[in-house]
Structures are given as C-alpha cells and as structure tokens.
Amino acid sequence: MASFLDRSRTVAGPTYSRWLIPPAALAVHLSIGQVYATSVYKTSLVEHFGTGLAPIGVIFSIAIVMLGLSAAVLGKWVDHGGPRKAMFTAACFWAAGFLVAALGISTTQLWLVYLGYGVLGGIGLGIGYISPVSTLIKWFPDRPGLATGMAIMGFGGGALIASPLSNQLLRAYDPGFDGSAGSAADGSAVAQLFVTLGIVYFVAMMYGAFTIRVAPDGYAPPGWDPSTRKQSAMVTTASVSANNAIRTPQFWLLWVLLFCNVTAGIGILEQAAPMIQDFFRDGGTTAISAVAAGGFVGLLSLGNMAGRFVWSSTSDVIGRKKIYMVYLGVGAVLYVLLASIGQTVTALFVLLAFVIISFYGGGFATMPAYLRDLFGTFEVGAIHGRVLTAWSAAGVAGPLIINGFLDAQGEPGALVAGDYRPALFTMVGLLVVGFVANLLIKPVAEKFHETSATSSTAPANAR
C-alpha cells in the first residue's frame, strides 16, 4: 500500500484527461469544507456538555489553527510525497477526528472532542487543503487561477452540503430534534452524526486520492505554447524553494494581504445572522426573522463559493496583482458603504455583504496562482502551506476584533447598525494595509532562485 501511494505510481498515462483532476480535488475540499457547518450542532453540544458557547467554539478555533500549522509544517512533505499520499493521509486524519470526537461526545469528555475534531481533524484539514494545489497548477499551466478556483470553491461550498445533511441525520437519530433555532439534539444523536460523517467523508476523500494523477514531466496542454507563460515581469519561469521563499519580502507581503483579506471577511461571516437582524432593528424589534437570517447565511456561503471560482478565473485574464487590488481596494469601499448606508435597504445590505464575501473566497482561491507566478512550481504547495498561517492568525484575530467592539457597545439582541461601525471601519483599515502590501509586491530577486542542479534533485515529477 505504501508503494502504491508513492508519487512515482501516480504519474498519468498518455490517455489520462486533466479534467479528472478538479473532481478529485473537489472530493477532498467538499469533505473538509464541513468545518464551515459546525453551527448546525453547536447548540446541541452546548446542551450535552452543559457548558457555554466559548468552550464549544474552541473546537473550531483549534481546527483552524491546526490547519495552518499542519499546512506549514507538512507542506514540503505534501509537495514531494505526491497528491495521492497526501490525500490518503488527510482522509485518515479527518475521519479519525470525527470518530475520536464521537467517542468524546458519547463519554462526555470534551477534551476528546478537542483532540479529535480539533487536533486530528485540523491536521486532516491542513493536509487536505493544500494536497491538490501543486498538482492542479502543473496540469493547468495555461489557467492556474481557473484550476485552483475549481477545487478551492469546494471548501467554501462544503457547508452547503454538510448543513442540510447534518440536519437530516440529526432528525433521523433524534426524532425530538426539529432543526429550528435553539433546538438541541441529544448527545447520542450528535455522536452518531459524527460517526456517519467520518465514514462518508473518508469514502469521498478516498475517491479523490485514487483518482488523482501527477502530470508527466514537461506536460503542456494540447495547443498551448509554454513560451506564452511569461507575459509579465510578475510571472517567473524560475524556481524558488520553500526555505528561500520565506526569506523574501514578497512572501511576507503576501502573508499580510491574505491576513487582512481573511480577517475582514471573517468580520462578516462570524456575525452574519445576528448582524443582519441588528442592522434592521428598531425599538427592540427587528424586521429580519431568524429564518431569513439563516437564509442570508446560506447566501453568503454561495458568495464565498462563487467568488473562489469567478474571481480566481478572472485573475488569469487581468493578473494576480490587479485582482487583489480589487479584493482589497474595492472591498474597503464596500465596507465603508456597508457601515454608512447598509441599514437603509435590506437588498443593499445583502448585496454589499455578498460581494465582500465573494472577495474573501476569491482571495483564498487566487493565492496559489499568485504564489506560482512569483515563486514557480518547484515547491509551491509547501509555500502555500506556510502562507496559510495567515489564515490561522486571522481566524483568531477576526472574531476577537468584532466581538471585542460589539461587547463594548452593548448586549446581544439589543445592538443596532451604529454599534457595528467601529468594527467595520477597523476592517476598512485592515484592507487598506493589505492594499498597500499588494502594491509593494515586485518580482522575486534572482538571488533567491534555485539553480537547475538544485531543482533537479526533486523527486521525479515534483518539479
């Protein structure tokens, strides 16, 4: 089995279609995208463990932190070990995380849920997230933004499958659970849900692992001339190792812009349902029902998913630097509008939030292609893993910023649009910082490039 997982055993034959790669990547990303659907059973876990929201929220925080750390630490192994081995490992960790967490729920041991879903599942998240990136880029040298967008949109859309599936399973396992706001399923039902999801996602991710193939050395799509690849000074034909990449100012500028873009997006995602209700609150009552607020959250998930595909594909046409100018510059303007006039018309609020979240998703999906442009394909997966630590930092900073401001403004359920303005204008400031960081990005200096002799020491098909 170990040898079957090796990169050398996954090299595609002459008849293999590169269009089988995105579905394989999607199988993994749709599975790990379940992490965005944890709110479905959050109330049930609070009731089962007899604790508050904060201790249960730590589960998600641990998972996101472990995502960034595992992607950074294991990025080189993923690049050189190959996508099949990485996807197989991700599936094992992700499924094991659900099963260990199910044991923790069954025995009322919250620390086992932290260990399972948080630590083990988080490792599966990190490995699974970056596992198809370098493979996709090498199969689609003509459209890297399109390729990574097709896969990474699955992570943003995973909750669209996981949320209704989890609700239906909880209803089946606990007839007393109706899925309404505040309704809680019993602990046994949540444990059974975790076991079921662990098995289902393991099978789906195994499909991805055993379908994916590595592009042959020197692969070029039919009719595409590799000499057209270098169309601007921002696109290199050289290679930069992961160790050298973190010594460049470009890496840290990319880290800053990703941190700023993600933190701003989380500013809306983390408070989506109560935020729309608070923006249209008058005299203690809100014009937005709980059902409508839930629909708004679902719409944002669609925006997150669509942005990952549409904007990253657009970057193939206008360039990575210009598309990040849109994400950060136009995003800052939209945040100002949301804070200033978002409460006037519901449709305007929804439209502004939808576009902002589409930029949030687009920022994730475009990053691998931006890294490829600047650092080449040699160890782009490992570099991607290291820059994703910005996501871990933003996952902590975003909620802290917005919750800190809101706690200072008043009690939940009594907030209004004006109470959100300090937090939203802080997000504007972050986006401006990210915009400046993007403007400062230039081509990587030649002193950081690998020699042909060095890059040739990579495993076959790793280049």
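In what follows, residues are counted from 1 in the order of the sequence shown.
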With side chains defined as the heavy atoms from C-beta onward, is the minimum distance between Arg372 and Val235 less than 4.5 Å?
yes
Just one of Phe93, Trp94, Phe60 clears the ring pair (Phe, Tyr, Trp, His ring centres under 6.0 Å) bar with Tyr117, so which one?
Trp94
Which atom pairs, one a donor and one an acceptor, fall under 3.5 Å between side chains of residues 435-445 and the rest of the protein, sequence neighbours left out?
| from | atom 1 | to | atom 2 | distance (Å) |
| --- | --- | --- | --- | --- |
| Asn438 | OD1 | Tyr370 | OH | 2.9 |
| Asn438 | ND2 | Lys321 | O | 2.9 |

Any side-chain heavy atom of Pro368 sitting closer than 4.5 Å to one from Val380?
no
Closest heavy-atom pair, Ser131 versus Pro83, reported as atoms and distance to 0.1 Å, is O-CB, 3.8 Å
With rounding to the nearest 0.5 Å, note down the distance linking CG in Leu424 to CZ in Arg421.
9.0 Å
Between Gln343 and Phe280, which heavy-atom pair has the shortest distance, and what is it?
O-CE2, 3.2 Å
Which is it for Asp278 and Tyr420 under the side-chain hydrogen bond (donor to acceptor under 3.5 Å, both in side chains) test, yes or no, and what are the steps along the way?
CA-CA 9 Å; Asp278 292 341; Tyr420 283 80; 2.6 Å; yes
What one should report as the nearest heavy-atom pair of Pro422 and Gln409 is CG-NE2, 3.9 Å
Considering only heavy atoms from C-beta outward, does the side chain of Ser358 approach that of Trp311 to under 4.5 Å?
yes
Do Trp391 and Phe259 have ring centres separated by under 6.0 Å?
no
Can you tell if the side chain of Val262 reaches within under 4.5 Å of the side chain of Phe364, non-hydrogen atoms only?
yes
Ring centroids only, cut at 6.0 angstrom: are Phe349 and Phe296 within range, meaning strictly under it?
yes
Salt-bridge criterion met for Asp419 and Arg281 (N-O under 4.0 Å)
no
Would you mind reporting whether Pro221 and Phe140 have side-chain heavy atoms less than 4.5 Å apart?
no
Shortest non-hydrogen pair, Cys92 vs Met206, comes out as SG-CE, 4.4 Å
Over 60° means perpendicular and under 30° means parallel, so tell me whether Tyr129 and His384 are parallel, tilted or perpendicular.
tilted
Do Thr38 and Lys42 make a side-chain contact, defined as non-hydrogen atoms from C-beta onward lying under 4.5 Å apart?
no
Please round to the nearest 0.5 Å and tell me the distance separating atom CZ of Phe448 and atom OG1 of Thr236.
13.0 Å
Which of these, His449, Glu450, Glu379, sits in a side-chain hydrogen bond (donor to acceptor under 3.5 Å, both in side chains) with Asn244?
Glu450
Please evaluate residues Arg320 and Ser315 with respect to the criterion side-chain hydrogen bond (donor to acceptor under 3.5 Å, both in side chains), reporting the C-alpha separation (whole Å), side-chain torsions for both, the decisive distance (0.1 Å), and the verdict.
CA-CA 5 Å; Arg320 254 56 83 172; Ser315 76; 2.9 Å; yes
Do you know which two heavy atoms are closest between Ser313 and Arg143, and how far apart they sit?
O-NH2, 3.9 Å
First locate atom OH of Tyr207, then atom OG of Ser31, and finally report the distance between them rounded to the nearest 0.5 Å.
12.0 Å
Working to the nearest 0.5 angstrom, can you tell me the gap between Thr135 OG1 and Arg18 CZ?
14.0 Å
Nearest-0.5 Å distance, CD1 of residue Ile246 to CD1 of residue Ile383
10.0 Å
